[in-house]
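The first residue in the sequence is number 1, and the count goes up from there.
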Amino acid sequence: MRRSESAPVAYVTRPSVEIPGYEISTADIVDDILRTMPEDTRAPSAAVVKRLASNLQIDTRSFVAPLKALSRPSTITERNNLAQPLMARMGTDAAQTAIKAAGLTNTDIDVIITSHSTTPATPGLDVHIINELQLRPDIRRMPATQLGCVGGAHALSWAAELVDAKPELRILIVISEALSTVYRSDKNDPAGIIYRLLFGDGAAACIVSSQPQGACLEITRTWQHVVPGTTDSNTLHTEPTGLHFTSEKWAPDGITHLMPPLWTWLRQDDKNWTPEVVIAHPGGPRILEDTLKGLNCTPQLLAHSWESLRTRGNLGGVAILDILARTADATPRHHSPTLLLGIGPGLAGAATQGQWHNPTNH
């Protein structure tokens with residue numbers, strides 16, 4: 001989206017975030033990993049597991065089910081049947097809260113954009129929410145099931161472009177993920193251990209429209225980018241015993257491949273543009289460290305990203321909305337130049353450029 005002087009700004013409300021009730025500590029997961037390892041490898045592996053856990057800098061995350069239930073051997077059907085309705089419930093609750101917080105009724109929503117990658121089902125999250133909340137039957141739907149971690153940023157860029165074209169639209173974004181479905185006790189290689197420790201479950205929703213009331217972010221430009229030749233950076237595929245997420249060794253520094261085209265875009269109209277507020281996807285410590293270097297910003301600008309990672313793990317596409325909500329609670333200065341940046345499998349990036357919206361804090 002390239003905004004002309006007469007084009008409307010897309011405003012984003014503070015996201016409503018839903019986190020499931022089973023809070024799991026890193027210590028609990030370390031114990032579970034060691035318990036499920038073959039006995040002859042348990043002792044020599046303990047130091048490695050604890051080091052990997054420490055490096056991730058995550059204290060807790062929440063799952064849709066108890067750790068004991070997720071750790072036991074099961075089929076992909078059993079895992080999906082457990083998680084899918086819980087994922088949909090989180091998304092529906094987040095959506096209802098977001099609509100009410102915006103001062104709207106359910107029938108005010110013109111478009112629904114959803115993303116969920118870890119609980120395959122047809123019909124998807126969008127149809128479930130439309131029925132549960134009795135949204136209008138003629139609502140426009142934009143469901144996505146393969147965006148993964150970039151889902152939140154990607155959805156915001158879509159919504160902003162729609163509002164730019166049709167200012168009368170009120171768009172509901174809902175991202176919901178049950179990443180605990182990739183928790184596999186049969187995966188005890190380093191990658192398998194890391195992904196058992198990294199992910200958390202959650203959902204978030206917000207409203208995007210041309211109306212500034214209740215908004216926390218003004219979007220004036222959007223960006224999407226796929227790095228050529230990186231389809232194997234992060235992959236999710238099915239196996240009889242569940243979903244299997246894996247990545248190439250170079251994937252954690254993938255953000256460095258996005259920085260040059262990102263900066264070209266950010267400074268297309270203003271060669272000195274620099275963000276004062278950053279909402280960045282917390283894929284892991286390495287990704288946040290490379291984001292800090294790539295943006296050449298102060299560590300404080302990524303404080304909310306680090307805190308989201310520490311307390312909730314990597315929430316996938318939900319994470320960017322969780323960090324946007326945390327940033328809103330911190331009340332940045334009105335009209336602060338703002339960058340929102342997500343990355344995901346592909347290797348793909350999505351970003352929005354604009355200003356913070358907080359008229360009470362000039």
Side-chain angles (χ1 to χ4, degrees), residues 19-87 90 116-120 148-149 176-202 232 234-249 251-252 282-287 309-316 318-319 345:
I19 299 297
Y22 295 99
E23 184 176 277
I24 313 296
S25 72
T26 292
D28 290 336
I29 293 182
V30 168
D31 288 345
D32 184 66
I33 291 171
L34 294 176
R35 179 186 62 80
T36 55
M37 277 186 167
E39 189 171 351
D40 60 336
T41 64
R42 197 172 301 163
S45 298
V48 174
V49 173
K50 291 176 181 178
R51 175 176 56 80
L52 292 172
S54 177
N55 289 345
L56 286 174
Q57 302 182 48
I58 300 170
D59 293 341
T60 58
R61 80 285 294 138
S62 295
F63 290 157
V64 295
L67 182 59
K68 185 177 180 180
L70 296 169
S71 181
R72 71 168 65 104
S74 57
T75 66
I76 188 169
T77 301
E78 291 169 333
R79 287 174 173 272
N80 199 59
N81 287 347
L82 170 67
Q84 199 279 333
L86 298 171
M87 176 281 300
M90 288 191 301
H116 67 104
S117 303
T118 47
T119 45
C149 290
S176 189
E177 293 287 7
L179 283 155
S180 57
T181 52
V182 307
Y183 191 99
R184 299 274 299 280
S185 58
D186 57 329
K187 299 292 182 181
N188 289 315
D189 60 314
I193 291 169
I194 287 171
Y195 294 126
R196 287 165 77 178
L197 288 158
L198 178 63
F199 292 127
D201 297 344
D232 60 345
N234 297 278
T235 58
L236 181 69
H237 59 269
T238 57
E239 296 180 343
T241 52
L243 294 173
H244 178 49
F245 184 87
T246 189
S247 61
E248 291 296 308
K249 290 182 178 180
R286 175 69 179 276
I287 291 173
L309 181 67
R310 185 185 71 81
T311 59
R312 292 178 174 170
N314 181 347
L315 294 171
V318 178

With no hydrogens and no angle check, do the side chains of [X] and [Y] hold a donor and an acceptor under 3.5 Å apart?
X	Y	value
Arg72	Thr36	no
Asp201	Ser180	yes
Thr26	Arg61	yes
Thr181	Arg79	no
Thr118	Glu177	yes

Item checked: side chain to side chain contact (heavy atoms under 4.5 Å, CB included) assessment of Met87 paired with His116 -> CA-CA 9 Å; Met87 176 281 300; His116 67 104; 3.6 Å; yes

Could you tell me whether a side-chain N or O of [X] sits under 3.5 Å from a main-chain N or O of [Y], the two making a donor and an acceptor?
X	Y	value
Asn314	Leu309	no
Gln84	Asn81	no
Thr60	Thr311	yes

Margin query: side chain to side chain contact (heavy atoms under 4.5 Å, CB included), that's the test. Do Leu56 and Ile194 meet it? Break it down for me.
Written below: CA-CA 8 Å; Leu56 286 174; Ile194 287 171; 4.3 Å; yes

Next item on the list: Dump the intermediate steps for side chain to side chain contact (heavy atoms under 4.5 Å, CB included) on Ser71 and Tyr183, then the final yes or no.
Entry: CA-CA 7 Å; Ser71 181; Tyr183 191 99; 4.1 Å; yes

Next item on the list: Verify side chain to side chain contact (heavy atoms under 4.5 Å, CB included) between Phe63 and Leu70, making sure each step is shown before the conclusion.
Entry: CA-CA 9 Å; Phe63 290 157; Leu70 296 169; 3.4 Å; yes

Notebook entry, point to check: Just how far is it from atom CG of Asp32 to atom CG of Leu197, taken to the nearest 0.5 Å?
Noted result: 10.0 Å

